[in-house]
Engineer: 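One structure coming up, written as structure tokens, with questions to follow.
Remember, it's 1-based here, ligands and their atoms both numbered in the order they're listed. Quick caveat, the model's predicted, so the values are computed rather than measured.
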Amino acid sequence: MKDTLWSNGSDDGIDNAVLYFTSSLDTDRAMAFYDIMGSLAHVTMLRDRRIISYENAELILKGLRTILNDLRENELMVDIDLEDIHTNIEFILTDLIGPAGGELHTGRSRNDQVATDLRMYLRDAVLETAACVNGLIKKLVEIAQNTQTVIMPGLTHMQHAQPVTVAHHMLAHAFRFGRDADRLMDAFERINVCPLGAAALAGTSYPIDREQTAELLGFRGPTENSMDSVSDRDFAAETVFCLSMISIHLSSMAEELILWSTTEFGFAELDRKYTTGSSIMPQKRNPDVAELIRGRTGGVIGDLVSLMTMMKSLPLTYNRDLQEDKEPVMRSVNTVIQCLSMMSDIVSTVKFNRERMYDAALKGFLNATDLADYLVSKGIPFREAHGVVRSVIMYCIHEKRKLEDLTISEMKGFSELIEKDVFDILSIEGCVERRTSLGGTSTQSVDIQIFESLNKLMEREDRIRQESLLIDACWDKLS
Ligand code: ARG
């Protein structure tokens, strides 16, 4: 039988099997640092409001700082028999400084404590993830800057559609990830409020100062309703949703890289570092890292579902089910950060096969829309032009020829409007460069997209840096 922070009133004490079953130490030890910071802020406030004596407060602060040092030196000994990291730290403190340690928990409950810790953990996790997303975007933009004239087939329904450039394609991914990073920073706003002082659910009769603890911990301010404060895990679900969106985008990108490095496509060659051989087929070069990104990111969506399912039928306020939030939250954070870093490495070493891409872009009548647009410029409605080009293409398929290989008299057989100048518009380079519309694939349009992505990247970098500095300044003051 073990000591706990509470007693269940049973004569037999608490069963060890029950203790193990109810423990969350395996996951919540990752919040040890935040728990100590939260306690440092709480005790400072208790001292300033004269809720506990100055001497005892100083004793507790000193003890907590010793524990912090041990944690930093990797010397914090936790007892797996104690329910969670919060209990462990309180026990270690009391061991260290004696009965004064018992005053730490005045005017607070583990319910507001755990919610505060998770918010602090997620604040950092979100900033770190957003920085990793930014890192990947930077790599994609760098590729874009070097591939503005590298033409490849653009696909819809996985079928040849219109020619685009590799730069345009990479930027499409960059803009997706840009939204993901912005979304994380939006979530940050809702994470960054402080539930400490909500106590168990109803607030407390001690004259606490919630504004002060919120400020000491770098939060925008305290939460408004104590019952909501201890129940709310919306911020966690929102973060895991953001992580799920990143996962979907990573998986989609991994899938493309896997396809592009097949013999059939041959568009890309992954660096050997990120591929593996086969134990039986000596020629193999398998894209395992990309495949694992595709595979592992699925688990993040699973984590979102776990978390939301855990939340869905909980009455207010704290219920023990809420303890189950940590695992999906932390696992998804770790998975996404690892996958982002791997993906950055893969894309910064991938080699594109320009010839293969160009040759592929010459197949499949990627210039068909441009021929229709040409006829429109000669005065017929687009729908009619579409029909004429359809017939030309049927003829080409039958003759096994490309549009640009037809003679002018063959062309004229389909429409008298076609003149010699048609050959200018059929070149694949022309098809790309004519798409000057905003967001299009021409060099001119892609230039604007590169400029925009770099601007947003820098703005985001600044914001992440500012928020991190603010948090670090609080830790410096408290520790
Ligand atoms: N280990 C618990 C958790 O992670 C701490 C809060 C426990 N509160 C309680 N009333 N039993 O949620």
Engineer: Short list, please: which atoms of ligand 1 are under 4.0 Å from a heavy atom of V114?
Structural biologist: 3 (C), 4 (O)
Engineer: Hey, which atoms in ligand 1 end up nearer than 4.0 Å to a heavy atom of K326?
Structural biologist: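 Those qualifying, in numeric order: 3 (C), 4 (O), 12 (O).
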Engineer: Indicate yes or no: does E189 engage R123 in a salt bridge with an N to O separation below 4.0 Å.
Structural biologist: no
Engineer: Atom 11 (N) of ligand 1: which of Q113, M31, R110, H86 has the nearest heavy atom?
Structural biologist: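 Nearest option to atom 11 (N) of ligand 1, by heavy atoms: R110.
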Engineer: Could you tell me whether some N/O pair between Q323 and ligand 1 is separated by less than 3.5 angstrom?
Structural biologist: yes
Engineer: Distance under 6.0 Å and angle within 45° of the ring axis: does R119 meet both against F235?
Structural biologist: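 Yes, R119 lies over the aromatic ring of F235.
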Engineer: So, R183 and E238, do they make that salt bridge, N to O below 4.0 Å?
Structural biologist: no
Engineer: Heavy atom to atom 1 (N) of ligand 1, shortest distance: which of D112, L118, D84, L25 holds it?
Structural biologist: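 When every heavy atom of D112, L118, D84, L25 is considered, D84 comes closest to atom 1 (N) of ligand 1.
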Engineer: Counting only heavy atoms not in D271, do more than 12 fall under 6.0 Å of its CG?
Structural biologist: yes
Engineer: Is the shortest distance from a Lys or Arg side-chain nitrogen in E467 or R463 to a carboxylate oxygen in the other one below 4.0 Å?
Structural biologist: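 Salt bridge between E467 and R463, a charged N being under 4.0 Å from a carboxylate O: yes.
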